Every structure is written in structure tokens, then in C-alpha cells.
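Keep in mind the model is a prediction, meaning the values are calculated, not measured.
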Amino acid sequence: MPLPADFPPQPKRPLASQRLVNEDGTTNKSWLDYFDALDRWNAKVRAYLDSL
């Protein structure tokens, strides 16, 4: 079932050239931001489906 046309788009993944883990062992900020945005988007999808 497709989402409505006015539903926010899924967040874009960082480029494949961006490493997940930095040299110092910390997680790359762009990946952290992506995972955060993806969690928020998935919550919106769940809320939308629950409302049907």
C-alpha cells in the first residue's frame, strides 16, 4: 500500500564512501543523523498505518 503523496519522503542514506565508524572509533555524525531521521520517519509511518 503506497503512502499518501503528501507524506514526507524517506531520509537519504549517506554516500557509500562515508565510513560508518571514524578512525577514533566513534560513529560518523552523518550516519548518526541518518539513523535518527530514519527512526522518526519509521515512527510516522507506524502512526499513519495505525490510524487506518
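In this structure, the side chain of Trp41 engages the main chain of Pro8 through a donor-acceptor pair within 3.5 Å.
For the atom pair CD (Gln10) and CG (Leu3), the distance works out to 9.5 Å, reported to the nearest 0.5 Å. Rounding to the nearest 0.5 Å places CH2 of Trp31 at 9.0 Å from CG of Asn28. Atoms CG and NZ, from Leu38 and Lys12 in turn, are 12.0 Å apart once rounded to the nearest 0.5 Å.
Between Asn22 and Thr27 the shortest side-chain heavy-atom distance does not fall below 4.5 Å. Taking 4.5 Å as the limit, some side-chain heavy atom of Tyr48 sits within range of a side-chain heavy atom of Pro4.
Shown here for Tyr34 and Pro11, the closest heavy-atom pair between the two residues is CE1-O, 3.7 Å. Pairing each heavy atom of Pro14 with each of Ser30, the nearest pair is CG-O, 3.7 Å.
Cluster membership check: Leu49 shares its hydrophobic cluster with Phe7, using side-chain heavy-atom separations under 4.5 Å among Ile, Leu, Val, Met, Phe, Trp and Tyr.
Ionic pairing of Arg46 and Asp50 is not present here: no N-O contact between side-chain nitrogen and carboxylate oxygen is shorter than 4.0 angstrom.
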